Number of protein chains: 2
Amino acid sequence: MPKGQLKGICFHPSKETKCVTCSLSSLCLPISLNFEDIDQLDKIIKRRQPLKKGEHLFHQGDRFDCVYAVRSGSIKNYAMTNDGEEQITNFHLPSELVGMDGIDCDTYPVSAKALETTTVCEIPFSRLEELAKELPELRSQILRIMSRELRDDKQMMMLLSKKNAEQRVATFLTNLSTRFKRRGYSPYTFRLPMSRNEIGNYLGLAVETVSRVFTRFQNNELIAVNGKEVHILNMDDLSELAGLPEQEPRHIEVNASTG
Amino acid sequence: MPKGQLKGICFHPSKETKCVTCSLSSLCLPISLNFEDIDQLDKIIKRRQPLKKGEHLFHQGDRFDCVYAVRSGSIKNYAMTNDGEEQITNFHLPSELVGMDGIDCDTYPVSAKALETTTVCEIPFSRLEELAKELPELRSQILRIMSRELRDDKQMMMLLSKKNAEQRVATFLTNLSTRFKRRGYSPYTFRLPMSRNEIGNYLGLAVETVSRVFTRFQNNELIAVNGKEVHILNMDDLSELAGLPEQEPRHIEVNASTG
DNA sequence: ATATAAATCTGATGTGCATCAAAAAACCTT
DNA sequence: AAGGTTTTTTGATGCACATCAGATTTATAT
C-alpha cells in the first residue's frame, strides 16, 4: 500500500519544510538552539508524506532507527498485552516527539498509529546522536524531553492508581486543553482526535464509564460536548476536579461552587 | 552538613570506592565504558556516607543538582498527591539510578527516601554532562537508562490499568526476583525492603488486599512468606500469573497446573 | 437517497476490591 | 520481660466501576 501515492497533492513540500520557519520550533527539538544549529538539525530531518488515519508510523517490534516529531495531526502509542488486548500508552500532539522509548532496544517497544491525517518529521536517531556530539544544547534538550516524559508517566501512574473516573476524565481534558493552548489553539474549544473507546483504554476505564462521565460533566455544566467537539465551560471547577496542579503552579482562585 | 564528617568510621572508603572495582559496574552507568573512561567518571563521583532507614536522599522540591546510583540498600521515590497522600512511584535497588526525572526542572519532582541502610554514589549532574561531552559511550548509556525507565513506566501503566490484584502482586514479585538475580542474589529467596503498605501504595491496592493476595499465594503454594522474607516456590506459575513476558522472552514450559 | 456498520449513549446487574473494624503478630523502648 | 506502638492479617460490608444488553446516533458504503 505505501507505494507512490499522493504525488503532488496539496501538501506543500516547500512551506513549513524547515525547522527555522516552522511554527512549532519553540516547542519542539530546536528549542534553545541558535539559527545555525537549527539549520544543522534541519539537514538530517526528512519530512514524510502525510499518514492517513489508521496508518502506522511504526509497529511494535520494528527495528528502531528513527524518532519522529509530530507536525500536524496526532499519533497514539499502544502495545499489545499478552492476552491480545490493546493498551494505549500515549497520545502525541504536534511538536511532540514519538519513539524515544525505543532508544535502548533494537526495536520499538510500542506501535505508533495516526489518529487522523498526520504529518511528521523523521529524525534518524544515529544522525541525531552524531549531531548531539557537536551541539550541547541539543544534547540537553533531548535529555529534557525524556525527563519530561518520565515525569508525565509518573503523573499518569498517579492518575491510574489514585483517581476515580471523574478525576481521570477531568485530568485528561484539562491536560489536552493545556497542550492545545501552548500550541496556539483555544484551550476552551477543541476536537478530540481519539474515540471514547481510546480515551477509556488510555485512562483505564470502560467506554461506558467515559461516556457517563461526559454526560455528567455536561449536566453539571462543566463542559459541552458534541461528538468529538469539546467546549470547556467551567475551567476552574474542571481543573479542581482534576486534582494535581499538573504543570506550572497556577495561582488558584477559590471560587469553585461545587454542589 | 556535608562537611568533613565520617573520617575513619568503619565504612570502608578504600574498598569498593572506585567504579572500576565496583561489582555493580556492569549494571550501572559505567557499562560499555572502557577503563580510562570509567576512571574519568569515577573522578566526579562522591561516595556519601550511608543513609539510615527513613532518611531522605532528597525531597520533592529540592534544587536538582545530582543524580544518584544506589550502591547498597534500597530507595523509594514518592510524591505527594494534592490531597496530602503519599504516592510511591518507584523502588530502586543497587546499581539503579535515582533522580533522572528532575533533569528538566530546577527541582526534584519526587522525594527519595531510604528503605533501609543505604549507600549511594552521588553524581553532580552538570559534571556528568560535561563528561558526556567527551564520552559518546557515556552519552548513549545515559539515554539508554532513561529510555529503559520510560519503558518500565509504560509497563507500570499497563499493570495499573489492566491487571487485577493477583496479577499485580505476581508481577511485582517476579520483577523483584529478576532484578535480584541480575545483581547476583537468589531469584527465589529474598527479603522485601518495603512494607506491605508500601507495596500496596505502589501497586494501587489497599494494604489488606496485598496481605490477602500473599496468603492466597501461600495457600496455592506459589510462594512461602515469613514477614519480609519471600520464597518463590513455583516460578513458572507465578510468572504466568504475572502475565506480560516482561524482559527477555523466556522459553515458556507449559507445565502449569493451575486449579 | 438507503443500507450497513461502527461508535456512542443509557439502563440494569454483578463483582473485585476498598473500607471499616478488630484481632494477631512483629517491632521498639525501657 | 513488660508495655506500647506499628505492621500484618482476617472477616464483614459497601460501593465504584465493569460487564451485559439494548437503544440511538454517527459514519461509511453503495
Side-chain angles (χ1 to χ4, degrees), chain A residues 52-54 76 81 83 85-88 113 115-117 158-173 191-220 223-230 241 243, chain B residues 52-54 76 81 83 85-88 113 115-117 159-173 191-220 223-231 241 243:
Chain A
K52 281 189 286 241
K53 175 173 176 167
K76 75 168 173 183
T81 63
D83 48 323
E85 267 187 297
E86 176 176 316
Q87 165 67 44
I88 297 173
K113 192 176 187 175
L115 290 170
E116 56 196 314
T117 304
M158 291 236 222
L159 176 144
L160 290 170
S161 76
K162 288 262 185 309
K163 292 185 178 178
N164 65 24
E166 295 202 347
Q167 294 171 322
R168 292 183 196 197
V169 175
T171 305
F172 180 73
L173 291 174
R191 199 186 138 76
L192 299 171
M194 69 293 285
S195 69
R196 302 283 190 277
N197 204 340
E198 289 167 322
I199 295 174
N201 184 300
Y202 178 64
L203 294 178
L205 298 171
V207 207
E208 296 93 326
T209 305
V210 175
S211 179
R212 272 185 258 266
V213 171
F214 268 58
T215 35
R216 228 176 300 157
F217 281 1
Q218 288 194 89
N219 294 340
N220 298 341
I223 60 175
V225 180
N226 183 7
K228 307 215 182 241
E229 293 291 333
V230 172
L241 228 186
Chain B
K52 281 190 286 245
K53 176 173 177 166
K76 75 168 173 183
T81 64
D83 47 322
E85 266 187 296
E86 176 177 316
Q87 166 68 42
I88 297 173
K113 192 176 186 175
L115 290 171
E116 57 197 312
T117 303
L159 177 143
L160 291 171
S161 76
K162 288 260 186 307
K163 293 185 178 179
N164 65 24
E166 294 201 349
Q167 293 171 323
R168 291 183 197 198
V169 175
T171 304
F172 180 73
L173 291 174
R191 199 186 140 75
L192 298 171
M194 70 292 287
S195 69
R196 302 284 190 277
N197 204 343
E198 289 167 323
I199 295 174
N201 184 302
Y202 177 63
L203 294 178
L205 298 171
V207 208
E208 296 93 326
T209 305
V210 175
S211 179
R212 272 184 257 268
V213 172
F214 268 58
T215 34
R216 228 176 301 158
F217 282 0
Q218 288 193 89
N219 295 339
N220 298 341
I223 61 174
V225 180
N226 184 7
K228 304 213 183 247
E229 293 291 333
V230 172
H231 206 96
L241 228 185

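For clarity, every value in this text was computed on a predicted model and none was experimentally measured. Every chain is numbered from 1, with letters handed out A, B, ... down the list of sequences.
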| remark: Which of dT8(C), dA18(D), dA18(C) is nearest the side chain of Leu205(A)? It is dA18(D)

| Which whole-number value in Å describes the distance from Phe214(A) CZ to dT26(D) C1'? | 16 Å

| Roughly how many Å is it from CE in Met194(B) to P in dT6(D), rounded to a whole number? | 22 Å

| note | Taking for Asn226(A) and for Val207(A) the nucleotide of DNA chain D with the nearest heavy atom, the one nearer the 5' end belongs to Val207(A)

| field | Whole-Å distance separating the CZ atom of Arg216(A) from the C1' atom of dG11(C) | value | 13 Å

| message | Among dC17(C), dT8(D), dC9(C), which nucleotide has an atom closest to any side-chain atom of Ser211(A)? | response | dC9(C)

| remark: In terms of heavy-atom contacts, Gln87(B) and Ser161(A) come closest through OE1-OG, 2.9 Å

| Starting at the 5' end of DNA chain C, which residue's closest nucleotide do you reach first, Gly204(B) or Ser195(A)? | Ser195(A)

| query | Of the options Val213(A), Leu159(A), Leu203(A), which is the one that meets Phe172(A) in a side chain to side chain contact (heavy atoms under 4.5 Å, CB included)? | reply | Leu203(A)

| task | Using atom CZ of Phe217(A) as one end and atom P of dT10(C) as the other, report the distance to the nearest whole Å. | result | 15 Å

| message | Set out, in order, the CA-CA distance, both residues' side-chain angles and the distance that settles side chain to side chain contact (heavy atoms under 4.5 Å, CB included) for Leu205(A) and Val169(A), then state yes or no. | response | CA-CA 9 Å; Leu205(A) 298 171; Val169(A) 175; 4.2 Å; yes

| field | Salt-bridge criterion met for Lys76(A) and Glu198(A) (N-O under 4.0 Å) | value | yes

| query | How close or far is atom C1' of dC17(C) from atom CD of Gln167(B), stated in whole angstroms? | reply | 14 Å

| DNA chain C: Ala165(B) or Gln218(A), which has the more 5' nearest nucleotide? | Gln218(A)

| Glu116(B)/Lys228(B) salt bridge by N-O under 4.0 Å criterion | no

| request: Looking only at side-chain atoms of Arg212(A), point me to the closest of dT19(D), dT8(C), dT9(D). | output: dT19(D)

| query | What is the distance, rounded to the nearest whole Å, between atom CG of Leu203(B) and atom P of dC17(C)? | reply | 12 Å

| task | Would you please confirm or rule out a distance under 4.0 Å between OP1 or OP2 of dA18(C) and any side-chain N or O of Thr209(B)? | result | yes

| Below 4.0 Å: OP1/OP2 of dA7(C) and any side-chain N or O of Lys228(A) | no

| query | Can you tell me how far P of dC9(C) sits from CG of Asn219(A), to the nearest Å? | reply | 12 Å

| What's the CD1-P distance between Ile199(B) and dT9(D), to the nearest Å? | 9 Å

| field | Nearest-neighbour nucleotide for the Glu208(B) side chain, dC17(D), dT10(D), dC9(C) considered | value | dT10(D)

